[in-house]
Chemist: 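Here's a structure for you.
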Amino acid sequence: MLAGLLMLLRTDEERAQFARFYQQYENLMFKTARQILDSQEDCEDVVQTSCAYLIDHFDKFTSYDARQVASYLVLLIRNRAKDMRDRQQKIVYEDVEQYAETVAGQAEEQGNVSLESAFAQLPDRYKEALTLYYYNDLSIKDMTGLLQLSEAAVKKLLQRSRDALRNLMNAEGGVEE
Amino acid sequence: MMPKEDLAGYPFNAAALRTVCTNYADGLVESIEAVSLDFGPSEAYKKTVCNLMDNSLRKAKRHALYRRVGTIAAVFILLLGTVMVTNAHARELFVRWVRQVFPDHVLYWFYGEPEGGLHHYTIGWLPDGAKVVRHEEDDEEELYVYHCSDSVSFVVSFYTLGAYSNLDIEDYDSIETLTINGNAATLFISSTSTNALIIIDEQKQMVIDINAQLSVDDLIRLGESIN
(Lines give C-alpha, C1' and ligand atoms only; values in the text may rest on other atoms or scores of the structure.)
Protein backbone atom coordinates (compact mmCIF):
# COMPACT_ATOMS: atom_id res chain seq x y z
CA MET A 1 0.00 0.00 0.00
CA LEU A 2 2.83 2.38 0.80
CA ALA A 3 4.25 1.85 -2.70
CA GLY A 4 1.07 3.29 -4.12
CA LEU A 5 1.11 6.08 -1.55
CA LEU A 6 4.67 7.07 -2.43
CA MET A 7 3.75 7.26 -6.09
CA LEU A 8 1.31 10.02 -5.21
CA LEU A 9 4.29 12.28 -4.58
CA ARG A 10 5.40 14.01 -7.73
CA THR A 11 9.15 13.85 -7.67
CA ASP A 12 11.82 11.46 -6.41
CA GLU A 13 13.06 14.21 -4.13
CA GLU A 14 9.62 14.52 -2.52
CA ARG A 15 9.42 10.76 -2.16
CA ALA A 16 12.85 10.66 -0.53
CA GLN A 17 11.88 13.55 1.73
CA PHE A 18 8.76 11.67 2.81
CA ALA A 19 10.77 8.49 3.31
CA ARG A 20 13.14 10.33 5.68
CA PHE A 21 10.15 11.92 7.40
CA TYR A 22 8.48 8.55 7.85
CA GLN A 23 11.63 6.98 9.28
CA GLN A 24 11.92 9.81 11.79
CA TYR A 25 8.33 9.69 13.02
CA GLU A 26 7.32 6.05 12.54
CA ASN A 27 7.86 5.19 16.21
CA LEU A 28 5.87 8.18 17.42
CA MET A 29 2.97 7.33 15.10
CA PHE A 30 2.83 3.74 16.26
CA LYS A 31 3.06 4.71 19.93
CA THR A 32 0.20 7.17 19.47
CA ALA A 33 -1.96 4.56 17.79
CA ARG A 34 -1.04 1.98 20.45
CA GLN A 35 -2.29 4.24 23.23
CA ILE A 36 -5.79 3.96 21.82
CA LEU A 37 -5.89 0.69 19.91
CA ASP A 38 -5.16 -2.79 21.18
CA SER A 39 -4.21 -4.76 18.10
CA GLN A 40 -1.07 -4.53 16.00
CA GLU A 41 -3.04 -4.78 12.76
CA ASP A 42 -5.28 -1.87 13.75
CA CYS A 43 -2.24 0.24 14.60
CA GLU A 44 -0.65 -0.54 11.22
CA ASP A 45 -3.94 0.28 9.50
CA VAL A 46 -4.24 3.63 11.21
CA VAL A 47 -0.62 4.56 10.50
CA GLN A 48 -1.00 3.64 6.84
CA THR A 49 -4.26 5.55 6.36
CA SER A 50 -2.74 8.52 8.14
CA CYS A 51 0.27 8.35 5.81
CA ALA A 52 -2.08 8.59 2.84
CA TYR A 53 -3.46 11.79 4.33
CA LEU A 54 0.04 13.08 5.08
CA ILE A 55 1.21 12.53 1.53
CA ASP A 56 -1.73 14.56 0.23
CA HIS A 57 -0.84 17.41 2.54
CA PHE A 58 2.94 16.97 2.61
CA ASP A 59 3.62 20.50 1.41
CA LYS A 60 2.16 21.74 4.68
CA PHE A 61 5.16 20.40 6.58
CA THR A 62 7.72 22.55 4.84
CA SER A 63 6.69 25.46 7.04
CA TYR A 64 6.53 23.47 10.29
CA ASP A 65 9.20 23.13 12.93
CA ALA A 66 9.87 19.71 14.47
CA ARG A 67 7.54 20.26 17.44
CA GLN A 68 4.65 21.27 15.23
CA VAL A 69 5.21 18.24 13.01
CA ALA A 70 5.17 15.91 16.03
CA SER A 71 1.99 17.44 17.47
CA TYR A 72 0.29 17.36 14.07
CA LEU A 73 1.10 13.68 13.65
CA VAL A 74 -0.02 12.80 17.17
CA LEU A 75 -3.34 14.60 16.78
CA LEU A 76 -3.92 13.08 13.36
CA ILE A 77 -3.19 9.53 14.51
CA ARG A 78 -5.22 9.97 17.71
CA ASN A 79 -8.17 11.17 15.69
CA ARG A 80 -7.97 8.26 13.25
CA ALA A 81 -7.39 5.74 16.03
CA LYS A 82 -10.34 6.97 18.09
CA ASP A 83 -12.59 6.82 15.02
CA MET A 84 -11.53 3.22 14.42
CA ARG A 85 -12.06 2.28 18.08
CA ASP A 86 -15.45 3.96 18.24
CA ARG A 87 -16.56 2.23 15.04
CA GLN A 88 -15.44 -1.10 16.44
CA GLN A 89 -17.28 -0.47 19.71
CA LYS A 90 -20.24 0.98 17.82
CA ILE A 91 -20.14 4.15 19.89
CA VAL A 92 -21.70 7.21 18.30
CA TYR A 93 -21.18 10.63 19.85
CA GLU A 94 -22.99 13.81 19.27
CA ASP A 95 -19.67 14.97 20.59
CA VAL A 96 -20.00 18.69 20.43
CA GLU A 97 -23.30 18.88 22.31
CA GLN A 98 -22.31 16.20 24.82
CA TYR A 99 -19.07 17.94 25.70
CA ALA A 100 -20.72 21.33 25.96
CA GLU A 101 -23.08 20.12 28.66
CA THR A 102 -20.26 18.48 30.60
CA VAL A 103 -18.07 21.53 30.52
CA ALA A 104 -20.88 23.89 31.49
CA GLY A 105 -21.46 21.77 34.56
CA GLN A 106 -17.79 21.90 35.52
CA ALA A 107 -17.67 25.69 35.19
CA GLU A 108 -20.55 26.17 37.59
CA GLU A 109 -18.79 24.14 40.23
CA GLN A 110 -15.33 25.66 40.05
CA GLY A 111 -15.47 29.44 39.71
CA ASN A 112 -12.41 31.43 38.59
CA VAL A 113 -9.62 29.46 36.95
CA SER A 114 -6.63 30.39 34.79
CA LEU A 115 -6.55 29.77 31.04
CA GLU A 116 -4.07 26.94 31.48
CA SER A 117 -6.16 25.21 34.14
CA ALA A 118 -9.34 25.71 32.15
CA PHE A 119 -7.71 24.29 29.06
CA ALA A 120 -6.55 21.22 30.96
CA GLN A 121 -10.14 20.49 31.90
CA LEU A 122 -11.44 20.55 28.36
CA PRO A 123 -12.31 17.25 26.71
CA ASP A 124 -9.61 15.94 24.41
CA ARG A 125 -11.70 16.72 21.36
CA TYR A 126 -11.83 20.41 22.26
CA LYS A 127 -8.13 20.55 23.17
CA GLU A 128 -7.15 18.94 19.91
CA ALA A 129 -9.34 21.23 17.82
CA LEU A 130 -7.92 24.36 19.47
CA THR A 131 -4.35 23.04 19.17
CA LEU A 132 -4.73 22.25 15.49
CA TYR A 133 -6.17 25.69 14.85
CA TYR A 134 -4.05 27.93 17.08
CA TYR A 135 -0.76 26.01 17.32
CA ASN A 136 -0.51 24.00 14.09
CA ASP A 137 -2.14 26.95 12.36
CA LEU A 138 -4.46 24.90 10.19
CA SER A 139 -7.29 26.51 8.31
CA ILE A 140 -10.90 25.39 8.75
CA LYS A 141 -10.57 23.62 5.41
CA ASP A 142 -7.39 21.79 6.53
CA MET A 143 -9.16 20.65 9.66
CA THR A 144 -12.12 19.19 7.76
CA GLY A 145 -9.80 16.61 6.18
CA LEU A 146 -7.86 15.86 9.32
CA LEU A 147 -10.88 15.57 11.63
CA GLN A 148 -13.09 14.12 8.89
CA LEU A 149 -15.82 16.65 9.62
CA SER A 150 -17.71 19.09 7.46
CA GLU A 151 -16.66 22.74 7.44
CA ALA A 152 -19.75 23.72 9.42
CA ALA A 153 -18.99 21.04 12.00
CA VAL A 154 -15.41 22.23 12.38
CA LYS A 155 -16.55 25.83 12.88
CA LYS A 156 -19.08 24.67 15.44
CA LEU A 157 -16.45 22.57 17.21
CA LEU A 158 -14.08 25.54 17.49
CA GLN A 159 -16.86 27.81 18.66
CA ARG A 160 -17.89 25.34 21.33
CA SER A 161 -14.27 24.84 22.37
CA ARG A 162 -13.72 28.56 22.88
CA ASP A 163 -17.03 28.94 24.69
CA ALA A 164 -16.21 26.05 26.96
CA LEU A 165 -12.86 27.60 27.76
CA ARG A 166 -14.48 30.91 28.57
CA ASN A 167 -17.12 29.28 30.73
CA LEU A 168 -14.49 27.39 32.70
CA MET A 169 -12.46 30.54 33.21
CA ASN A 170 -15.49 32.46 34.37
CA ALA A 171 -14.84 35.84 32.71
CA GLU A 172 -14.77 38.01 35.86
CA GLY A 173 -11.57 36.55 37.28
CA GLY A 174 -9.73 34.75 34.50
CA VAL A 175 -8.46 37.39 32.04
CA GLU A 176 -5.28 36.40 30.13
CA GLU A 177 -3.25 38.79 27.97
CA MET B 1 1.00 32.45 10.84
CA MET B 2 -2.57 32.69 9.51
CA PRO B 3 -4.68 35.45 11.00
CA LYS B 4 -7.25 34.02 13.37
CA GLU B 5 -10.63 35.54 14.03
CA ASP B 6 -10.93 38.27 16.60
CA LEU B 7 -11.48 36.85 20.08
CA ALA B 8 -13.37 39.88 21.29
CA GLY B 9 -15.68 38.93 24.08
CA TYR B 10 -13.40 36.18 25.31
CA PRO B 11 -11.15 36.49 28.35
CA PHE B 12 -8.13 35.42 26.32
CA ASN B 13 -6.42 36.34 23.05
CA ALA B 14 -5.00 34.22 20.22
CA ALA B 15 -1.41 34.52 21.49
CA ALA B 16 -2.30 33.25 24.96
CA LEU B 17 -4.37 30.47 23.50
CA ARG B 18 -1.49 29.50 21.21
CA THR B 19 0.87 29.32 24.20
CA VAL B 20 -1.49 27.06 26.08
CA CYS B 21 -1.98 24.86 23.02
CA THR B 22 1.79 24.66 22.50
CA ASN B 23 2.30 23.43 26.05
CA TYR B 24 -0.48 20.92 25.61
CA ALA B 25 0.97 19.62 22.32
CA ASP B 26 4.50 19.39 23.73
CA GLY B 27 3.24 17.55 26.80
CA LEU B 28 1.21 15.17 24.68
CA VAL B 29 4.13 14.31 22.42
CA GLU B 30 6.46 13.87 25.40
CA SER B 31 4.03 11.55 27.15
CA ILE B 32 3.71 9.41 24.04
CA GLU B 33 7.44 9.30 23.39
CA ALA B 34 8.01 8.13 26.98
CA VAL B 35 5.80 5.09 26.40
CA SER B 36 7.54 1.87 25.44
CA LEU B 37 5.80 -0.11 22.77
CA ASP B 38 4.83 -3.66 23.68
CA PHE B 39 4.53 -4.30 20.01
CA GLY B 40 5.47 -2.28 17.00
CA PRO B 41 4.96 -2.78 13.29
CA SER B 42 5.15 -6.42 12.18
CA GLU B 43 8.27 -7.72 10.46
CA ALA B 44 6.44 -8.02 7.15
CA TYR B 45 5.23 -4.42 7.39
CA LYS B 46 8.70 -3.15 8.38
CA LYS B 47 10.35 -5.03 5.53
CA THR B 48 7.93 -3.60 2.97
CA VAL B 49 8.32 -0.07 4.25
CA CYS B 50 12.12 -0.31 4.51
CA ASN B 51 12.44 -1.53 0.94
CA LEU B 52 10.21 1.23 -0.32
CA MET B 53 12.00 3.94 1.61
CA ASP B 54 15.50 2.67 0.71
CA ASN B 55 14.63 2.60 -2.97
CA SER B 56 13.32 6.15 -2.81
CA LEU B 57 16.37 7.35 -0.89
CA ARG B 58 18.81 5.59 -3.26
CA LYS B 59 17.07 7.04 -6.29
CA ALA B 60 17.08 10.53 -4.81
CA LYS B 61 20.79 10.20 -3.97
CA ARG B 62 21.52 9.24 -7.58
CA HIS B 63 19.50 12.16 -8.88
CA ALA B 64 21.25 14.48 -6.43
CA LEU B 65 24.58 13.18 -7.71
CA TYR B 66 23.59 13.72 -11.34
CA ARG B 67 22.44 17.23 -10.52
CA ARG B 68 25.70 18.00 -8.77
CA VAL B 69 27.76 16.66 -11.66
CA GLY B 70 25.66 18.66 -14.11
CA THR B 71 26.11 21.83 -12.07
CA ILE B 72 29.86 21.35 -11.85
CA ALA B 73 30.07 20.69 -15.60
CA ALA B 74 28.03 23.80 -16.38
CA VAL B 75 30.19 25.96 -14.13
CA PHE B 76 33.36 24.49 -15.67
CA ILE B 77 32.17 25.19 -19.20
CA LEU B 78 31.19 28.75 -18.31
CA LEU B 79 34.55 29.36 -16.66
CA LEU B 80 36.44 27.85 -19.56
CA GLY B 81 34.52 30.00 -22.02
CA THR B 82 35.25 33.13 -19.99
CA VAL B 83 38.95 32.30 -19.77
CA MET B 84 39.09 31.57 -23.50
CA VAL B 85 37.49 34.90 -24.33
CA THR B 86 39.59 36.99 -21.98
CA ASN B 87 42.94 35.23 -22.07
CA ALA B 88 44.83 34.89 -25.35
CA HIS B 89 47.27 32.31 -24.01
CA ALA B 90 44.38 30.08 -23.05
CA ARG B 91 43.00 30.37 -26.55
CA GLU B 92 46.46 29.58 -27.87
CA LEU B 93 46.41 26.27 -26.05
CA PHE B 94 43.03 25.25 -27.43
CA VAL B 95 42.80 26.86 -30.83
CA ARG B 96 46.53 26.91 -31.69
CA TRP B 97 46.36 30.28 -33.39
CA VAL B 98 45.46 33.59 -31.81
CA ARG B 99 44.61 37.07 -32.97
CA GLN B 100 44.95 39.93 -30.51
CA VAL B 101 43.84 43.42 -31.46
CA PHE B 102 45.62 46.29 -29.69
CA PRO B 103 45.03 50.04 -30.18
CA ASP B 104 47.95 50.42 -32.58
CA HIS B 105 48.71 46.93 -33.85
CA VAL B 106 47.33 43.46 -34.32
CA LEU B 107 49.26 40.42 -33.21
CA TYR B 108 48.91 36.99 -34.78
CA TRP B 109 50.61 34.00 -33.32
CA PHE B 110 50.48 30.26 -33.61
CA TYR B 111 51.08 27.73 -30.87
CA GLY B 112 53.53 24.97 -31.64
CA GLU B 113 55.31 24.13 -34.88
CA PRO B 114 53.22 24.23 -38.06
CA GLU B 115 53.18 21.02 -40.03
CA GLY B 116 53.16 20.48 -43.78
CA GLY B 117 55.31 23.39 -45.01
CA LEU B 118 54.34 26.13 -47.47
CA HIS B 119 51.07 25.57 -49.31
CA HIS B 120 50.68 26.97 -52.82
CA TYR B 121 47.39 28.70 -53.56
CA THR B 122 45.69 29.65 -56.81
CA ILE B 123 44.29 33.17 -57.21
CA GLY B 124 41.04 32.83 -59.14
CA TRP B 125 40.20 36.50 -59.73
CA LEU B 126 42.28 39.59 -60.37
CA PRO B 127 41.17 43.17 -60.99
CA ASP B 128 41.17 44.26 -64.66
CA GLY B 129 44.67 44.87 -65.97
CA ALA B 130 46.45 43.37 -62.97
CA LYS B 131 49.88 41.92 -63.78
CA VAL B 132 52.51 40.25 -61.64
CA VAL B 133 55.55 42.49 -61.37
CA ARG B 134 57.37 40.52 -58.69
CA HIS B 135 57.26 36.97 -57.30
CA GLU B 136 59.34 35.67 -54.44
CA GLU B 137 59.28 32.37 -52.61
CA ASP B 138 61.12 30.53 -49.87
CA ASP B 139 60.31 27.67 -47.48
CA GLU B 140 57.96 29.73 -45.41
CA GLU B 141 56.61 32.50 -47.63
CA GLU B 142 55.41 33.21 -51.16
CA LEU B 143 54.79 36.76 -52.33
CA TYR B 144 53.18 38.30 -55.43
CA VAL B 145 53.26 42.01 -56.23
CA TYR B 146 50.66 43.16 -58.78
CA HIS B 147 50.24 46.40 -60.70
CA CYS B 148 46.89 47.33 -62.24
CA SER B 149 48.02 50.73 -63.35
CA ASP B 150 50.68 53.25 -62.40
CA SER B 151 48.73 54.16 -59.27
CA VAL B 152 47.13 50.90 -58.25
CA SER B 153 49.05 48.00 -56.87
CA PHE B 154 48.57 45.24 -54.38
CA VAL B 155 50.58 42.55 -52.65
CA VAL B 156 49.40 39.04 -51.96
CA SER B 157 51.53 37.10 -49.48
CA PHE B 158 51.19 33.53 -48.34
CA TYR B 159 53.13 32.39 -45.32
CA THR B 160 53.07 29.58 -42.85
CA LEU B 161 51.56 30.03 -39.40
CA GLY B 162 54.63 30.32 -37.25
CA ALA B 163 56.11 32.95 -35.03
CA TYR B 164 54.37 36.19 -34.14
CA SER B 165 53.11 38.38 -36.96
CA ASN B 166 52.69 41.98 -36.09
CA LEU B 167 50.57 44.38 -38.12
CA ASP B 168 50.58 48.09 -37.33
CA ILE B 169 47.06 49.42 -37.55
CA GLU B 170 47.51 53.10 -36.77
CA ASP B 171 46.73 54.02 -40.36
CA TYR B 172 43.45 52.09 -40.42
CA ASP B 173 40.09 53.67 -39.74
CA SER B 174 38.26 50.47 -38.88
CA ILE B 175 38.77 46.75 -38.37
CA GLU B 176 36.14 44.18 -39.20
CA THR B 177 36.12 40.45 -38.67
CA LEU B 178 34.49 38.21 -41.25
CA THR B 179 34.66 34.75 -42.75
CA ILE B 180 36.22 34.03 -46.13
CA ASN B 181 35.71 30.51 -47.54
CA GLY B 182 35.03 29.25 -44.01
CA ASN B 183 38.22 30.79 -42.63
CA ALA B 184 38.47 33.54 -40.04
CA ALA B 185 39.51 36.82 -41.62
CA THR B 186 40.14 40.41 -40.59
CA LEU B 187 39.52 43.40 -42.83
CA PHE B 188 41.52 46.57 -42.18
CA ILE B 189 39.96 49.61 -43.85
CA SER B 190 41.77 52.88 -44.43
CA SER B 191 40.65 56.08 -46.11
CA THR B 192 44.20 57.36 -46.50
CA SER B 193 46.24 54.24 -47.06
CA THR B 194 45.88 50.76 -48.52
CA ASN B 195 43.24 48.35 -47.24
CA ALA B 196 44.30 44.97 -45.92
CA LEU B 197 42.71 41.56 -45.63
CA ILE B 198 44.28 38.81 -43.54
CA ILE B 199 42.86 35.30 -43.78
CA ILE B 200 43.88 32.48 -41.46
CA ASP B 201 43.64 29.11 -43.19
CA GLU B 202 43.86 26.94 -40.13
CA GLN B 203 43.45 23.71 -42.01
CA LYS B 204 46.52 24.34 -44.17
CA GLN B 205 48.22 26.29 -41.37
CA MET B 206 48.76 29.29 -43.65
CA VAL B 207 48.18 33.03 -43.54
CA ILE B 208 46.92 34.87 -46.62
CA ASP B 209 47.85 38.53 -46.39
CA ILE B 210 46.55 41.01 -49.01
CA ASN B 211 47.56 44.64 -48.89
CA ALA B 212 45.81 46.51 -51.69
CA GLN B 213 44.91 49.88 -53.12
CA LEU B 214 41.57 48.30 -53.96
CA SER B 215 38.03 48.88 -52.81
CA VAL B 216 36.73 46.72 -49.97
CA ASP B 217 34.48 44.81 -52.37
CA ASP B 218 37.35 43.99 -54.74
CA LEU B 219 39.55 43.08 -51.78
CA ILE B 220 37.00 40.61 -50.45
CA ARG B 221 36.36 39.23 -53.95
CA LEU B 222 40.10 38.68 -54.39
CA GLY B 223 40.34 36.94 -51.02
CA GLU B 224 37.39 34.68 -51.81
CA SER B 225 38.96 33.61 -55.12
CA ILE B 226 42.11 32.27 -53.44
CA ASN B 227 42.09 28.50 -52.90
Side-chain angles (χ1 to χ4, degrees), chain A residues 1-3 5-6 9 11-13 15-20 22-23 26-28 30-32 34-35 40-41 43-44 47-48 67-68 70-75 78 115-116 118-120 127-128 130-139 162-163 165-166 169-177, chain B residues 1-68 70-71:
Chain A
M1 183 187 176
L2 269 171
L5 294 178
L6 282 174
L9 293 165
T11 64
D12 287 326
E13 193 170 322
R15 283 190 274 275
Q17 206 179 348
F18 185 83
R20 281 191 287 269
Y22 182 86
Q23 281 178 339
E26 183 190 43
N27 229 24
L28 180 66
F30 269 96
K31 283 183 179 178
T32 307
R34 181 64 186 94
Q35 278 204 323
Q40 189 171 352
E41 291 78 18
C43 291
E44 286 181 6
V47 170
Q48 282 207 348
R67 289 160 71 200
Q68 283 175 311
S71 77
Y72 183 95
L73 286 174
V74 162
L75 294 176
R78 274 165 68 94
L115 176 61
E116 189 104 26
F119 188 91
K127 286 181 195 166
E128 289 166 8
L130 292 172
T131 302
L132 287 168
Y133 193 66
Y134 288 99
Y135 174 54
N136 290 104
D137 213 27
L138 298 185
S139 64
R162 287 189 286 262
D163 289 346
L165 205 50
R166 180 183 53 195
M169 283 180 73
N170 196 335
E172 285 178 29
V175 176
E176 294 276 348
E177 293 296 329
Chain B
M1 187 179 167
M2 290 173 55
K4 301 296 179 183
E5 50 265 42
D6 183 19
L7 290 171
Y10 289 95
F12 47 79
N13 57 28
L17 199 44
R18 183 182 168 88
T19 303
V20 165
C21 290
T22 304
N23 294 338
Y24 166 70
D26 287 348
L28 186 61
V29 171
E30 271 173 31
S31 69
I32 290 172
E33 280 175 344
V35 169
S36 53
L37 269 179
D38 51 354
F39 63 77
S42 62
E43 287 307 314
Y45 177 91
K46 270 199 281 192
K47 197 175 170 185
T48 309
V49 168
C50 277
N51 285 341
L52 288 165
M53 300 304 175
D54 284 345
N55 284 344
S56 288
L57 285 168
R58 257 203 297 273
K59 229 174 165 181
K61 274 186 194 162
R62 262 205 308 274
H63 283 192
L65 178 65
Y66 294 155
R67 257 202 311 278
R68 179 176 275 190
T71 305

Chemist: When you measure from the centre of the six-membered ring of B:Tyr10, is the NZ or CZ of A:Arg166 closer than 6.0 Å and no more than 45° off the axis?
Modeler: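 Yes.
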Chemist: Look up atom CZ in B:Arg18 and atom CG in A:Asp137, then write down how far apart they are to the nearest 0.5 Å.
Modeler: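 Nearest 0.5 Å value for the CZ-CG distance: 6.0 Å.
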Chemist: For A:Arg67 and B:Asp26, run side-chain contact (heavy atoms from CB on, under 4.5 Å): C-alpha distance rounded to whole Å, both residues' side-chain angles, the deciding distance at 0.1 Å, then the answer.
Modeler: CA-CA 7 Å; A:Arg67 289 160 71 200; B:Asp26 287 348; 2.4 Å; yes
Chemist: With only heavy atoms counted, which part of B:Leu28 is less than 4.5 Å from chain A, the side chain, the backbone, both or neither?
Modeler: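 B:Leu28 touches chain A through side-chain heavy atoms alone.
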Chemist: Going from SG on B:Cys21 to OH on A:Tyr133, what distance comes out if it is rounded to the nearest 0.5 angstrom?
Modeler: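 So the gap between those two atoms works out to 12.0 Å.
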Chemist: A:Leu130 versus B:Val20: any side-chain heavy-atom pair under 4.5 Å?
Modeler: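 Not in contact.
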Chemist: Atom CD1 of B:Ile32 and atom CG of A:Asn27: how far apart are they, to the nearest 0.5 Å?
Modeler: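 One finds 11.5 Å between CD1 of B:Ile32 and CG of A:Asn27.
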Chemist: Which distance, rounded to the nearest 0.5 Å, do you find between the CZ of A:Phe119 and the CZ of B:Phe12?
Modeler: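 Between A:Phe119 CZ and B:Phe12 CZ, I get 10.0 Å after rounding to 0.5 Å.
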Chemist: I'd like to know whether B:Leu7 forms a side-chain contact (heavy atoms from CB on, under 4.5 Å) with A:Tyr134, so could you lay out the CA-CA distance, the side-chain angles of the two residues, the decisive distance to 0.1 Å, and finally the verdict.
Modeler: CA-CA 12 Å; B:Leu7 290 171; A:Tyr134 288 99; 3.6 Å; yes
Chemist: Under 4.5 Å heavy-atom distance to chain B, tell me which part of A:Gln68 shows up: side chain, backbone, both or neither.
Modeler: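 Only the side chain of A:Gln68 comes within 4.5 Å of chain B.
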Chemist: Sort A:Leu75 into side chain, backbone, both or neither according to what part of it lies under 4.5 angstrom from a heavy atom of chain B.
Modeler: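 For A:Leu75, the contact with chain B is made by the side chain alone.
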Chemist: With rounding to the nearest 0.5 angstrom, report the CZ to OG distance, A:Arg34 to B:Ser36.
Modeler: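 Between atom CZ of A:Arg34 and atom OG of B:Ser36 there are 10.0 Å.
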